[in-house]
Amino acid sequence: MFTWLKNRLQRNGLTAYVTHPDCLQHNMGVGHPECPERLTAIRDQLMASQIFDSLQEVEAPEVGYEQLARVHPPRYVEYLEACAPSVGTFRMDPDTAMSPGTLQAARRAAGAVVKAVELVAEDKAPNAFCAIRPPGHHAESDKAMGFCFFNNIAVGVAHALAHYKFERVAVVDFDVHHGNGTEEILRDDPRVLMVSIFQHPFYPYSGDEPMGPNMHNVPLKAGSGGREFREAVENVWLPLLHEFQPQMLFISAGFDAHREDDMGSLGLIESDYEWVTRHMVGIADQYCAGRIVSVLEGGYDLSALGRSVAAHIRVLSDG
């Protein structure tokens, strides 16, 4: 029997939906696109699509200092703690601000990915989706930026490598913005392969020159759509993933490349997210015993976000 089919038949349990109400308490101000309503829109669409009842909802714990320290130096965590306001907001950059609930939300967001790794690595869930905010893939080891404070997915990758001793872990990023923080943190680690697409030139104006030999980015011009995206996946991502044969697959799942999202100028639709998720499930079934941890990044048009996440999770939960 083919290995991927054997893994598919052995998978059991429900996809974990890891989240926490604290993630709603981070608020960067009226009109800011990275708003609490994003998580509400996702939950509402999952319920309307009759997907939510097929998931196991898991409460995200707070991330531990040891888990954070694998990615962020203690002085950076201490800096964020010192900046956290008791009232109002503290602006980290023109786009990124802390409110009284931000630091707790960020701790839950990073903790959600750690919990997802544990559930999947210990066969307590076949895969997991982390419905969290603030997002993380722009956060560098010692810098908050682009709506991000802790690099959630890098914290999860580091936990998988350190605690579960995985030898090969892959990160897939399909946000409209380059995951500069993830690349900065994980570059040159031979245990990690990262593949990504993003609009370029565009914020954060990086990624066209990879930082390390384990980083494989495919910049897309503004106006690119499903055809260009699928060509990048088929011609670049899939050959690299087959060659690398990861033992766990992480997805930085940004949905702001949707054609209805004003944050960028790419033209993906729900069927593109469904398509790429099916390919990632195929890779995971072939090499990872199905182990996928998917982490919410961008996506700011609430209707498009809800529909796109539903398409993504439907594939994860159906297999």
Side-chain angles (χ1 to χ4, degrees), residues 8 11 14-19 23 38-58 109 112-113 116 119-120 125-133 135-137 152-153 156 170-177 179 195-198 225-226 229-230 232-233 237-238 241 248-261 263-264 266-285 288 290-319:
R8 166 67 66 203
R11 288 178 61 190
L14 302 178
T15 292
Y17 184 82
V18 190
T19 190
C23 290
R38 297 177 66 227
L39 297 187
T40 305
I42 290 171
R43 182 183 289 265
D44 287 350
Q45 185 61 50
L46 290 173
M47 289 181 172
S49 303
Q50 299 183 322
I51 297 172
F52 195 80
D53 287 344
S54 65
L55 308 175
Q56 57 166 318
E57 186 170 12
V58 177
V113 187
L119 291 169
V120 173
N127 51 46
F129 180 81
C130 299
I132 55 173
R133 52 181 299 275
H137 76 154
N152 306 315
I153 204 161
V171 178
V172 170
D173 189 324
F174 50 69
D175 194 276
V176 78
H177 304 98
V195 296
S196 69
I197 62 95
F198 48 87
F229 172 60
R230 295 184 188 212
V233 172
W237 289 14
L238 293 179
L241 290 166
M248 180 174 279
L249 182 63
F250 288 81
I251 301 176
S252 264
F255 299 95
D256 42 6
H258 196 284
R259 69 182 180 188
E260 296 175 19
D261 199 309
M263 188 64 72
L266 297 184
L268 303 190
I269 58 177
E270 294 92 311
S271 61
D272 294 312
Y273 294 118
E274 179 181 359
W275 177 87
V276 71
T277 306
R278 289 201 183 281
H279 276 287
M280 294 308 104
V281 167
I283 290 289
D285 282 345
C288 311
R291 291 184 288 258
I292 294 177
V293 172
S294 181
V295 181
L296 179 65
E297 300 286 1
Y300 305 101
D301 181 276
L302 297 183
S303 176
L305 173 64
R307 301 192 320 264
S308 299
V309 173
H312 177 63
I313 292 181
R314 183 181 292 109
V315 177
L316 292 179
S317 59
D318 288 349

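For the single chain, residues carry numbers from 1 onward in sequence order. As a basis for the values below, the full set of heavy atoms in this structure was taken, side chains included, without hydrogen atoms, waters or symmetry mates. Because the structure is predicted, anything quoted here is derived from the model rather than measured.
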> How far apart are the closest heavy atoms of Leu14 and Ala125, and which atoms are they?
Replying inline: O-CB, 3.7 Å

> Hey, does the side chain of Arg314 reach the backbone of Ile51 with a donor-acceptor pair shorter than 3.5 angstrom?
Replying inline: no

> Just how far is it from atom CD of Glu270 to atom CZ of Phe255, taken to the nearest 0.5 Å?
Replying inline: 10.5 Å

> Just how far is it from atom CZ of Arg291 to atom CZ of Phe250, taken to the nearest 0.5 Å?
Replying inline: 10.5 Å

>> Please give me the minimum heavy-atom distance between Arg259 and Gly267, naming the atom from each residue.
In response: CB-CA, 3.6 Å

>> Return the CD1 to CG distance between Ile251 and Leu316, rounded to the nearest 0.5 Å.
In response: 6.0 Å

> Does the pair Val315 and Met280 meet the rule for a side chain to side chain contact (heavy atoms under 4.5 Å, CB included), with working shown?
Replying inline: CA-CA 10 Å; Val315 177; Met280 294 308 104; over 6 Å; no

>> For a quick test of reading the model, state the closest non-hydrogen atom pair linking Ala109 to Ile132 and the distance between them.
In response: O-CD1, 3.4 Å

> Is there a side chain to side chain contact (heavy atoms under 4.5 Å, CB included) between Ile42 and Leu296 once you walk through the steps?
Replying inline: CA-CA 10 Å; Ile42 290 171; Leu296 179 65; 3.7 Å; yes

> How many angstroms lie between atom CG of Leu249 and atom OG of Ser294, to the nearest 0.5 angstrom?
Replying inline: 9.0 Å

> Looking only at heavy atoms, what is the nearest atom pair of Arg133 and Cys23, with distance?
Replying inline: NH1-O, 2.8 Å

> Any side-chain heavy atom of Phe129 within less than 4.5 Å of one from Leu55?
Replying inline: no

> Once the angle between the rings of Phe174 and Tyr273 is folded into 0 to 90°, is it parallel (under 30°), tilted (30 to 60°) or perpendicular (over 60°)?
Replying inline: tilted

> Is there a side-chain contact between Thr40 and Gln45 (heavy atoms, below 4.5 Å)?
Replying inline: no

> Mind checking whether Asp301 and His258 have side chains closer than 4.5 Å, heavy atoms only?
Replying inline: no

>> Quick one: does any side-chain atom of Thr19 pair with a main-chain N or O of Ala131 as donor and acceptor, under 3.5 Å?
In response: yes

> If you take all heavy atoms of Ala128 and Thr15, which pair is closest and at what distance?
Replying inline: CA-CG2, 4.3 Å

> Roughly how far, to the nearest 0.5 Å, is OG1 of Thr277 from CD1 of Ile292?
Replying inline: 8.0 Å

> For the residue pair His177 and Phe198, what are the closest heavy atoms and their distance?
Replying inline: C-CB, 3.7 Å

> Are more than 12 heavy atoms from other residues, nucleotides or ligands located less than 6.0 Å from atom CZ of Arg230?
Replying inline: yes

> Between CG of Asn152 and NE2 of His137, what distance do you get to the nearest 0.5 Å?
Replying inline: 10.5 Å

>> Among Asp256, Leu302, Leu266, Leu268, exactly one meets side chain to side chain contact (heavy atoms under 4.5 Å, CB included) together with Asp261. Which residue is that?
In response: Asp256

>> For Gly282, is there any backbone N or O sitting under 3.5 Å from a side-chain donor or acceptor partner on Asp285?
In response: no

> Hey, does the side chain of Ser308 reach the backbone of Leu305 with a donor-acceptor pair shorter than 3.5 angstrom?
Replying inline: no

>> Against Val295, only a single residue in Val18, Val113, Val171, Asp173 fulfils side chain to side chain contact (heavy atoms under 4.5 Å, CB included); can you say which?
In response: Val113

